[in-house]
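Chain A is the first sequence line, chain B the second, and so forth, proteins listed ahead of strands; every chain is numbered from 1.
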Amino acid sequence: GAVVSQHPSWVICKSGTSVKIECRSLDFQATTMFWYRQFPKQSLMLMATSNEGSKATYEQGVEKDKFLINHASLTLSTLTVTSAHPEDSSFYICSPGRGDRTDTQYFGPGTRLTVL
Amino acid sequence: DAKTTQPPSMDCAEGRAANLPCNHSTISGNEYVYWYRQIHSQGPQYIIHGLKNNETNEMASLIITEDRKSSTLILPHATLRDTAVYYCIDASNAGGTSYGKLTFGQGTILTVHP
């Protein structure tokens, strides 16, 4: 299956700092990247969808100025949590897409963000 | 909101078959049934998918009712490593840039015990 990596796997930061999470699609070209977050004991919720070379589309209730997404290449997308606060502590997961019919969807291993 | 409903939790003895049900009564004709699982603190993992025929792969079997309103995921010989949250998702298999966007419900927490 497709190989998707995320870096870092976990991060602890102070309130008010910014954190960048990288997601790499290692063996296919990701024209689309889906970013999910998962709060403790809850399910995955889609935050935003990014398309290579264009602006991301955010789901309702997700602040686009707080969660900056860059999808500058077909193998790399980044999510930056700006001015992080404790309520942003969550598990962030990326999932690349090729925009065409595929049988499976692959997910990154996730990044655990803890904001103190 | 997710369009599928699953029991919140199930238990299974190691070595026995685990049968996880899912209701998807509003599924449309071009929507497949997908099953994913998420082991604690990992990203979701694809298991199997189907449209209307039963499917089997090295991980599991998928039984879809004739009216397609429900399905059952079968892990034939559950092991402790199968303890995870199992998600049943109905999704279009069409193309386009929105393809691959999955809506996750609460899933079923499967606990396999010795």
**Q** Is A/Leu44 in contact with chain B via its backbone, its side chain, both, or neither, using a 4.5 Å heavy-atom distance?
**A** both
**Q** Tell me, which pairs form a disulfide bond (SG atoms under 2.5 Å apart) where one or both residues lie in residues 32-65 of chain B, sequence neighbours left out?
**A** none
**Q** Does A/Glu63 reach the main-chain N or O of A/Phe67 with its side chain, forming a donor-acceptor pair under 3.5 Å?
**A** no
**Q** Sort A/Glu59 into side chain, backbone, both or neither according to what part of it lies under 4.5 angstrom from a heavy atom of chain B.
**A** side chain
**Q** Consider ring pair (Phe, Tyr, Trp, His ring centres under 6.0 Å). Of B/Phe104, B/Tyr34, B/Tyr46, which one does B/Tyr87 pass it with?
**A** B/Phe104
**Q** Can you tell me which residue pairs pass the disulfide bond (SG atoms under 2.5 Å apart) test with a partner in residues 24-77 of chain A, sequence neighbours excluded?
**A** none
**Q** Over 60° means perpendicular and under 30° means parallel, so classify the ring planes of A/Phe107 and B/Tyr36, tilted if in between.
**A** perpendicular
**Q** What part of A/Gln38 gets within 4.5 angstrom of chain B, counting heavy atoms only: side chain, backbone, both, or neither?
**A** side chain
**Q** Answer yes or no: does atom NE2 of A/His85 have more than 12 heavy-atom neighbours from other residues, nucleotides or ligands under 6.0 Å?
**A** yes
**Q** Quick one: which of B/Ser41, B/Pro44, B/Gly43 has the most heavy-atom pairs under 4.5 Å with chain A, could you say?
**A** B/Pro44
**Q** Considering residues at least two apart in sequence or located in another chain, which fulfil the side-chain hydrogen bond (donor to acceptor under 3.5 Å, both in side chains) criterion with B/Lys52?
**A** none
**Q** If contact means a heavy atom pair closer than 4.5 Å, which residues of residues 108-116 of chain A contact chain B?
**A** A/Gly108, A/Pro109, A/Arg112
**Q** Using a cut-off of 6.0 Å, state whether more than 12 heavy atoms not belonging to A/Gln29 lie near its atom CD.
**A** no
